[in-house]
Amino acid sequence: MKLYQVAVLFLMFLPTFVHAGEWSYHVEGHAQGLYGYTDTKKHNHGVGQVNINTSAEYNFDNHNSLSFNFDIMGGIDKELQDYNQGRWGEEAYIVYDSSYGQFMFGQIYNVAALFHNGTYTTGAFATPSDVVDFLSNPNWRRTSKQTYFATLNSTELNTDGVAPKINYISPEWKGTAIGFSYMPDSYNRRGLINKHTDYAHKDGFVGAVYNDIDFGYFTTQASFGYAQYHGNDKEFSYSLRINKGNWHIGGGYRKTYIDGDDKSKTPKDLFKDFDGYREGEAWNIGVGFEFGPIQSSLSYFESSSDKTDNQNKIVAFSNQYQFNEHIDIYLATAYTDYENIYENKSGYAIVSGIGVNF
């Protein structure tokens with residue numbers, strides 16, 4: 001059964017309520033422009049991106065609501081064209097909240113990625129992949145014609161990106177929730193899978209646990225996720241964040257491996273180790289603080305492939321100042337060291353920019 005057929009059946013059998021509910025609508029967006037200097041051949045570079053999120057929500061009562069969500073995003077001169085259709089893309093999904101848990105249908109991240117809450121990051125370098133806009137990584141490529149991930153680019157389980165799927169998240173019990181995801185087709189432009197492989201359009205499963213505890217003196221958020229894609233690709237991840245006042249410290253770990261014989265066939269004209277992320281690991285650690293309108297984070301990310309010497313090391317110091325409710329100002333610096341079977345690269349970047357919230 002196709003995902004859209006499951007979604008239609010779900011909507012048909014939604015419980016009906018005697019009393020009338022209420023509709024609410026929401027639109028918000030964020031635009032960002034960054035300009036940086038690097039010590040590499042491409043000394044000066046600028047990038048831009050925009051995200052617009054819309055939703056329509058119907059509240060049946062205090063325990064049941066249904067929302068229809070449509071988000072669009074785009075970028076200019078970004079190194080990794082990680083939107084659903086290349087430079088531009090969308091996420092369309094339905095969320096049903098009830099006393100029995102939360103159900104999601106459509107283009108959305110899996111539950112392990114949604115639960116992952118390790119290293120605190122902010123500003124221009126909110127993820128390791130943001131750094132490659134200024135210091136390109138020979139281990140990570142995603143363009144309109146090529147997808148090549150010789151190593152992992154995140155400690156989150158992001159292999160399937162926002163491929164259409166079904167998510168279920170249980171109600172919390174003593175700060176703990178569990179979740180499950182099923183995607184009939186694991187390929188997505190925002191994921192790591194090359195569409196030309198023979199396993200690209202097979203299904204996948206994800207399970208995850210999230211825990212949030214208030215110890216009084218400090219709080220913690222922790223998660224564990226496990227995934228299985230197209231039969232024999234397995235992944236798991238951990239994350240932990242400790243919060244004390246305005247300070248945060250945390251990190252994450254991810255491991256990928258092939259369980260059994262790898263029977264996949266490598267398409268012609270692809271780089272060697274184009275899917276090296278399938279056997280590797282990644283970890284990160286960082287500290288951050290929030291003081292009034294100022295947010296800062298210092299983070300370290302490292303990933304490597306088990307099959308080769310391919311490796312990434314990224315240190316990022318990123319700052320954000322909220323000038324007012326509509327304007328954010330960014331200042332960040334990063335140092336990278338990339339090792340690849342074709343070439344090795346290292347360098348630093350200094351980046352500034354502005355964000356507009358609307």
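All of these numbers come straight from a predicted model, not from anything done at the bench.
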So, the side chain of [X] versus the backbone of [Y]: is there a donor-acceptor pair under 3.5 Å, distance only?
| X | Y | answer |
| --- | --- | --- |
| K165 | I108 | yes |
| R142 | E79 | no |
| H326 | N357 | yes |
| N310 | I341 | yes |
| T121 | A126 | yes |
| D185 | Y187 | yes |
| R241 | G251 | no |

Subject >> E91 bridged to R190 by N-O distance under 4.0 Å >> reply: yes

Subject >> Salt bridge flag under 4.0 Å for residues R254 and E156 >> reply: no

Could you tell me if the side chain of [Y] sits less than 4.5 Å from the side chain of [X], heavy atoms only?
| X | Y | value |
| --- | --- | --- |
| V95 | N69 | yes |
| D160 | I193 | no |
| N312 | E339 | no |
| S237 | H116 | yes |
| F236 | Y253 | yes |
| D275 | Y277 | yes |
| H30 | D328 | yes |
| K78 | L80 | no |

Shortest non-hydrogen contact between [X] and [Y], atoms and distance:
| X | Y | result |
| --- | --- | --- |
| F274 | T147 | CD1-O, 4.4 Å |
| S154 | A282 | O-CB, 3.9 Å |
| Y330 | G123 | CD2-CA, 3.7 Å |

**OP:** Mark yes or no: K244 above the aromatic ring of Y217, with NZ or CZ under 6.0 Å from the six-membered ring centre and no more than 45 degrees from the axis.
**Re:** yes

Original post:
Cation over ring, R278 on Y199, under 6.0 Å and within 45°?
Top reply: yes

I need the [X] [atom1] to [Y] [atom2] distance, nearest 0.5 Å.
| X | Y | atom1 | atom2 | value |
| --- | --- | --- | --- | --- |
| Y100 | S170 | OH | OG | 14.5 Å |
| S67 | Y93 | OG | OH | 7.5 Å |
| T122 | I294 | OG1 | CD1 | 11.5 Å |

Check the orientation of [X] and [Y]. Use parallel for under 30°, tilted for 30 to 60°, and perpendicular for over 60°.
| X | Y | value |
| --- | --- | --- |
| Y58 | F60 | perpendicular |
| F134 | H45 | perpendicular |
| F301 | W140 | perpendicular |

**OP:** Taking the six-membered ring for Trp and the full ring for Phe, Tyr or His, determine whether the centres of W283 and Y300 are under 6.0 Å apart.
**Re:** yes

Subject >> Test of ring centre spacing under 6.0 Å for Y168 and F103 >> reply: yes

**OP:** Using distance alone, with no hydrogens and no angle criterion, decide if Q221 and N243 have a side-chain donor and acceptor under 3.5 Å apart.
**Re:** yes

Original post:
Does the side-chain contact (heavy atoms from CB on, under 4.5 Å) test come out yes or no for K345 and S136, once each step is laid out?
Top reply: CA-CA 9 Å; K345 285 185 175 182; S136 62; 3.0 Å; yes

Original post:
Only one of N188, N153, T127, N110 forms a side-chain hydrogen bond (donor to acceptor under 3.5 Å, both in side chains) with N158, so which one is it?
Top reply: N153

Original post:
So if you build clusters from Ile, Leu, Val, Met, Phe, Trp, Tyr with side-chain heavy-atom gaps below 4.5 Å, do Y238 and V287 land together?
Top reply: yes

Original post:
For S296 and N319, what are the C-alpha separation, side-chain angles and deciding distance, and is it a side-chain hydrogen bond (donor to acceptor under 3.5 Å, both in side chains)?
Top reply: CA-CA 4 Å; S296 294; N319 304 274; 2.5 Å; yes

